[in-house]
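If you read the sequence from its start, that first residue is 1, and numbering goes on from there.
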Amino acid sequence: MSSHVNSFVLRPGPGFQYDETTRTYRIEAAMLVGGVSIGLTTPGSATQSPLNYRLDLRCEPTTPEDPDAPVPATSVSEFTSEAALADLGFVYPAGHRGWNLKSNEFGRLMTPADAPAHGEWNKAGGNGTYRCLFRLLGANLAPSPDRRFCFGARVRVEGQDFHGTRIDLYADNGPKIAISDYTASGTATHAIAIADSGWQHGMWYWLDVSIAGARVRARVYPEGSAAPDWQITGMTAAKGAGAFGPGGLPGLGASPVIDIKRLEFQPPA
């Protein structure tokens, strides 16, 4: 604002609650994470019209979910041996889930045709950046929004209900990348953000996923290429402990074929 302005009128937007007793405004934490705005208007004068401004407030937590927990170390799994495959288990072990070593070069995910397979990487560190070098086969299968490669974050199962968030790659009117939250009602999800993507079947790609409190960001790009800007961002409601790792979801009675070469984790800076 100009230096001569010494007063203004506040116009709080949605998300603010005014307390008549204390004459203060309150903002719910969930609203602040999503972002709120305050309008500011300067008083007019005989020679100057009122000036309008907008102040945007948004909280983006970057601390570990347990503030007293030690910061995890950088970790890597290279899936070139049977021993390395042991780094990837499953959240929901029932059914025909597993990893096969192929040519001592990568692991191949085996999934059932009727249930999700969420990998549980034993070197995950919670908040931070995950990188997964993967290949999704199945270009000959009919496109389905339910058949996809995914990377799960904070995923857990209570009874038959799934919790957590997923970053999905799937083909439905073109290749897509999406962020979805489980709704704690079976395997149902709701989409937080969806964007078109340029990934193709049969090629090796990096999927980068950044988790910082409620904020989730992701990008997918070819092996050997420089990382682009983040391609999709969403605010997840998933909280608490859970598994991190790659997986796959079937659709139309068919399972995806997913190959994994490498997993990396970088803790928050």
Full working for side-chain contact (heavy atoms from CB on, under 4.5 Å) between Val220 and Leu169: CA-CA 9 Å; Val220 58; Leu169 298 181; 4.1 Å; yes

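- Leu249 contributes atom CG, which lies 8.0 Å from atom OG1 of Thr187 (distance to the nearest 0.5 angstrom).
- The distance between the ring centers of His118 and Phe244 does not fall below 6.0 angstrom.
- Considering every non-hydrogen atom in both Gly128 and Pro268, the closest pair reads CA-CD, 4.0 Å.
- Put simply, the side chain of Thr165 reaches to within 4.5 Å of the side chain of Ile179, judged on heavy atoms.
- Distance check: His163 NE2 to Ser185 OG gives 9.5 Å after rounding to the nearest 0.5 Å.
- Not one N or O on the side chain of Thr80 forms a donor-acceptor pair closer than 3.5 Å with the backbone of Asn104.
- Closest approach of Ala218 and Ile167 over heavy atoms only: CB-CG2, 3.8 Å.
- Remark: side-chain polar atoms of Asp161 are paired, donor with acceptor, to backbone N or O of Gly186 under 3.5 angstrom.
- Linking Ile, Leu, Val, Met, Phe, Trp and Tyr residues whenever their side-chain heavy atoms come within less than 4.5 Å leaves Leu133 and Leu137 in two separate clusters.
- For the pair Ser103 (side chain) and Glu105 (backbone), a donor-acceptor distance under 3.5 Å is absent.
- Going from atom CD1 of Ile177 over to atom CD1 of Ile232 covers 5.5 Å, rounded to the nearest 0.5 Å.
- You'll find the side chain of Arg262 reaches within 4.5 Å of the side chain of Trp206, heavy atoms only.
- For the atom pair Lys123 NZ and Ser75 OG, the distance stands at 6.5 Å (nearest 0.5 Å).
- Judged by distance alone, with hydrogens and angles left aside, the side-chain atoms of Glu120 form no donor-acceptor pair with the main-chain N or O of Gly245 at under 3.5 Å.
- With hydrophobic clusters built from ILVMFWY side chains whose heavy atoms lie under 4.5 angstrom apart, Met203 shares a cluster with Ile258.
- At least one side-chain heavy atom of Thr189 sits less than 4.5 Å from a side-chain heavy atom of Arg166.
- Across all their heavy atoms, Val157 and Val91 have their closest contact at CG2-CG1, 3.8 Å.
- Rounding to the nearest 0.5 Å gives a distance of 7.5 Å between CZ of Phe134 and CH2 of Trp199.
- Closest approach of Leu85 and Gly107 over heavy atoms only: CD2-CA, 3.9 Å.
- Using bins of under 30°, 30° to 60° and over 60° for the plane-to-plane angle, the ring pair Tyr130/Phe265 lands in the tilted bin.
- Residues Val257 and Leu109 are members of separate hydrophobic clusters, defined by side-chain heavy-atom contacts under 4.5 angstrom among Ile, Leu, Val, Met, Phe, Trp and Tyr.
- Remark: side-chain polar atoms of Lys176 are paired, donor with acceptor, to backbone N or O of Asn173 under 3.5 angstrom.
- Closest approach of Ala243 and Gly119 over heavy atoms only: CB-O, 4.4 Å.
- The shortest side-chain heavy-atom distance between Arg108 and Arg135 falls under the 4.5 Å cut-off.
- Nearest heavy-atom pair, Ala227 versus Asp208, reported as atom, atom and distance to 0.1 Å: CB-OD2, 4.3 Å.
- For the residue pair Asn127 / Arg154, a side-chain donor-acceptor distance below 3.5 Å is found, with atom types taken as modelled.
- By the 4.5 Å heavy-atom criterion applied to side chains, Ile260 and Trp99 are counted as neighbours.
- Put simply, the side chain of Trp204 reaches to within 4.5 Å of the side chain of Phe106, judged on heavy atoms.
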Apply the test side-chain contact (heavy atoms from CB on, under 4.5 Å) to residues Ser180 and Ile192: give CA-CA distance (whole Å), side-chain angles for both, the deciding distance (0.1 Å), then the verdict. CA-CA 5 Å; Ser180 301; Ile192 298 170; 5.8 Å; no

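- To the nearest 0.5 angstrom, Cys132 atom SG is 4.5 Å from Leu263 atom CG.
- Between the side chains of Ser77 and Trp121, a donor-acceptor pair is found at a separation under 3.5 Å.
- Within the 4.5 Å cutoff, the side chain of Thr74 has heavy atoms near those of the Pro267 side chain.
- A salt bridge does not link Asp229 to Arg219: none of the charged side-chain nitrogens sits closer than 4.0 Å to a carboxylate oxygen.
- Looking at Phe149 and Leu207, their side chains come closer than 4.5 Å, going by heavy atoms from C-beta outward.
- Ion pairing between Asp259 and Lys102 fails under the 4.0 Å rule for side-chain N and carboxylate O.
- In this structure, a donor-acceptor pair under 3.5 Å is absent between the side chains of Gln266 and Thr129.
- In this structure, Tyr205 has its ring center no closer than 6.0 Å to that of Tyr221.
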